[in-house]
Amino acid sequence: MNILIVGSGGRESAFAYKLAKSPKLSKLFIAPGNAGTGTYGQNVPLEVTDFEGIATFALENKIAIILVGPEEPLVKGIHDYFLGREDIKHIAVIGPQQLGAQLEGSKDFSKEFMFRHDIPTAAYKSFDKSNLEEGLTYLETQNLPIVLKADGLAAGKGVLICETIDNAKAELTAMIADAKFGDASSVVVIEEFLRGIELSVFVLTDGNSYKVLPSAKDYKRIGEGDTGLNTGGMGSISPVPFADDTFLSKVEERIIRPTVEGLKKDNIPYKGFIFIGLMNVGGDPFVIEYNVRMGDPETESVLPRIESDLVDLLEGVAHGNLETRSYTVSSKTAVTVMLVSGGYPGDYQSGKVISNIENVKESIVFHAGTKEVDGEVVTAGGRVIAVTTLQDDLFSALQQATADAGRIFYQGKYFRTDIGFDLI
């Protein structure tokens with residue numbers, strides 16, 4: 001079958017790498033893709049929210065499945081667009097419809113969903129312009145630190161952890177009254193701060209049955225030892241050593257099953273991935289947030305560990321018979337180290353020529369922010385390349401991925417050399 005991936009980052013590179021291995025695949029297209037995705041298929045110059053352009057291309061190229069990578073087209077309704085047109089509704093879209101995408105598109109919606117279905121999460125209240133004063137008073141009753149979350153999509157920047165009441169009041173006012181994050185913070189969720197260790201669990205569902213994908217832990221801070229500014233992710237590992245069978249059985253029983261069943265009870269159709277951001281609080285899992293797609297860079301660690309045919313699994317989602325599809329996971333450990341542009345996550349330069357990728361032999365190189373210019377691969381984003389290795393144990397994987405990250409060169413290159421070493 002012919003498949004179209006929508007997106008252009010490291011996550012989409014990992015999807016392309018995995019799908020290209022399937023004997024069920026005829027042709028693979030990536031819209032818009034990057035300098036690395038062209039290795040596995042054909043890049044198509046379409047924006048991820050150009051639904052009409054994507055539909056026209058899908059018809060002309062007999063696309064059977066569209067795999068949506070990023071959240072924006074899902075929240076804006078790409079799946080609904082396809083279902084709403086008679087000529088394209090037969091094309092399977094992997095990713096929830098707009099209502100289900102609100103699990104990520106609205107923090108308030110997702111918290112209400114969790115409370116309604118008794119899914120463990122932090123206590124919260126939501127506020128907007130109409131009750132801002134009430135929100136400021138509410139802050140005075142809360143323990144510190146306190147978490148403020150913009151309700152809508154804010155490009156990963158809409159979550160603030162405030163250490164003082166004065167700071168929390170100032171930030172709440174800035175978010176709601178001064179539109180600090182634009183429309184995304186017209187509603188703000190004030191949430192209890194959970195103390196523990198973060199990890200992520202991923203689920204693929206056809207709306208009835210599901211497959212639990214490998215767990216992963218990502219590293220958000222720019223600096224060694226988890227210091228400095230938050231980023232889109234500086235690396236990840238899978239599996240997570242502290243997420244043993246006992247913990248993961250709690251996750252499935254208390255969170256995954258109630259989430260899938262809750263979607264059914266609420267009549268929310270859902271075909272796609274659910275990314276569950278978790279906090280391990282003394283051995284018990286609590287949901288920090290839902291995302292309605294795979295994470296980045298976690299995808300680059302998770303997919304190489306899946307031994308099954310990903311096209312077959314996606315076909316199971318599309319046809320509603322996922323439970324019949326074979327699914328196995330490698331016992332090996334994957335480690336991903338992200339190479340970023342100098343200055344990231346602040347101002348950074350693009351257009352720097354990347355060299356020596358061909359010298360990486362023991363790891364997989366997933367392109368993220370790259371493009372091809374005059375026959376050369378150059379940087380085109382803050383996060384540039386993800387280097388992933390698969391080894392028998394965590395220490396070997398950490399050493400290999402870090403060494404291979406050092407083999408690639410471009411001006412201003414930076415990467416963390418301590419990804420995963422906190423778990424040794």
Side-chain angles (χ1 to χ4, degrees), residues 1-48 54 57-58 60-70 73 91-95 204 213 236 272-273 293-315 317-318 330 334 336 338-339 354 356-373 375-381 383-390 401 404 408:
M1 68 184 76
N2 295 347
I3 294 179
L4 171 64
I5 299 172
V6 174
S8 63
R11 166 184 50 220
E12 289 76 30
S13 293
F15 276 133
Y17 160 85
K18 187 66 178 171
L19 293 173
K21 292 179 176 296
S22 173
K24 290 191 167 193
L25 182 74
S26 299
K27 288 183 180 178
L28 180 63
F29 302 93
I30 310 94
N34 58 42
T37 54
T39 305
Y40 310 111
Q42 179 183 325
N43 290 341
V44 183
L46 288 168
E47 295 298 321
V48 299
I54 291 169
F57 180 86
E60 290 174 349
N61 291 275
K62 297 181 172 59
I63 300 297
I65 293 176
I66 296 177
L67 174 55
V68 184
I91 300 172
V93 177
I94 306 299
L204 179 63
L213 307 184
S236 57
F273 295 96
R293 36 73 191 181
M294 289 293 284
D296 191 349
E298 296 97 330
T299 307
E300 292 93 304
S301 293
V302 168
L303 288 188
R305 293 191 57 226
I306 296 175
E307 295 176 327
S308 310
D309 185 335
L310 183 58
V311 173
D312 185 61
L313 292 172
L314 297 183
E315 195 177 34
V317 172
S330 169
T336 300
M338 187 66 71
L339 279 60
I354 304 169
N356 288 351
I357 292 175
E358 68 280 359
N359 290 333
V360 176
K361 307 292 187 187
E362 303 300 323
S363 298
I364 311 160
V365 176
F366 295 122
H367 288 240
T370 67
K371 64 180 180 180
E372 195 169 324
V373 178
E376 291 185 308
V377 177
V378 302
T379 64
R383 293 188 300 161
V384 178
I385 281 174
V387 175
T388 297
T389 195
L390 202 61
D404 282 336
I408 298 170

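Note that the structure is predicted; figures quoted are calculated from it, not measured.
Panel note: side chain Asn34, backbone Gly36; a donor-acceptor pair is recorded below 3.5 Å. Judged by distance alone, the side chain of Asn2 and the main-chain N or O of Lys27 form a donor-acceptor pair under 3.5 Å. For the pair Ser26 (side chain) and Met1 (backbone), a donor-acceptor distance under 3.5 Å is present. Thr37 places no side-chain N or O within 3.5 Å of a backbone atom of Asn43 that could act as its donor or acceptor partner. Put simply, the side chain of Glu60 never gets that close to the backbone of Phe57: no donor and acceptor are under 3.5 Å apart. Panel note: side chain Arg383, backbone Asp296; a donor-acceptor pair is recorded below 3.5 Å.
Taking a 6.0 Å sphere around CD of Glu47, one finds it holds 12 or fewer heavy atoms contributed by other residues, nucleotides or ligands.
Partner of Val365 under the side chain to side chain contact (heavy atoms under 4.5 Å, CB included) criterion, chosen from Leu339, Val360, Thr388: Val360. The one candidate from Ile357, Thr39, Val384 that meets the side chain to side chain contact (heavy atoms under 4.5 Å, CB included) condition with His367 is Ile357.
In this structure, Glu362 and Asp404 have side chains that are in contact, with non-hydrogen atoms separated by less than 4.5 Å. Counting only heavy atoms from C-beta outward, the side chains of Val311 and Ile3 approach each other to under 4.5 Å. Between Pro32 and Val44 there is no side-chain heavy-atom pair separated by less than 4.5 Å. Looking only at side-chain heavy atoms (C-beta outward), Val378 and Ile354 stay at 4.5 Å or farther from each other. Contact of the Leu213 side chain with the Met294 side chain is registered, since non-hydrogen atoms from C-beta on lie closer than 4.5 Å. Between Thr299 and Thr336, every side-chain heavy-atom pair lies at or beyond the 4.5 Å cut-off. Side-chain atoms of Arg11 and Pro297, non-hydrogen and from C-beta on, never get closer than 4.5 Å to each other.
Residues Ala35 and Val377 share a closest heavy-atom pair of CB-CG1, 3.9 Å. In terms of heavy atoms, Val68 sits closest to Pro73 at CG1-CG, 3.7 Å. Of all heavy-atom pairs spanning Lys371 and Ala380, the tightest one is CG-CB, 3.8 Å.
Put simply, OH on Tyr40 and CD on Glu12 are 13.5 Å apart, with the number rounded to the nearest 0.5 Å. Taking CD1 of Ile385 as the reference point, atom OG1 of Thr379 lies at 9.5 Å (rounded to 0.5 Å). To the nearest 0.5 Å, atom NZ of residue Lys18 and atom OG of residue Ser308 are 7.0 Å apart. Here Ile91 contributes atom CD1 and Leu4 contributes atom CG; the two are 9.0 Å apart, rounded to the nearest 0.5 Å. Put simply, CD1 on Ile30 and OG on Ser8 are 11.0 Å apart, with the number rounded to the nearest 0.5 Å. Distance OG/Ser22 to CG/Leu314: 9.0 Å, rounded to 0.5 Å.
Two rings, from Phe273 and Phe15, have their centers less than 6.0 Å apart.
Residues Lys24 and Glu315 are paired through a salt bridge, judged by an N-O separation under 4.0 Å between the basic side chain and the carboxylate.
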Given Val6 and Leu67, is the side-chain contact (heavy atoms from CB on, under 4.5 Å) satisfied, shown in steps? CA-CA 6 Å; Val6 174; Leu67 174 55; over 6 Å; no
Step by step, work out the side-chain contact (heavy atoms from CB on, under 4.5 Å) result for Met338 and Glu300. CA-CA 10 Å; Met338 187 66 71; Glu300 292 93 304; 4.0 Å; yes
Decide side-chain contact (heavy atoms from CB on, under 4.5 Å) for Phe29 and Ile63; before the verdict, give the C-alpha distance in whole Å, the side-chain angles of both, and the deciding distance to 0.1 Å. CA-CA 9 Å; Phe29 302 93; Ile63 300 297; 3.6 Å; yes
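Applying the side-chain hydrogen bond (donor to acceptor under 3.5 Å, both in side chains) criterion to Lys62, with sequence neighbours excluded, gives no partner residue.
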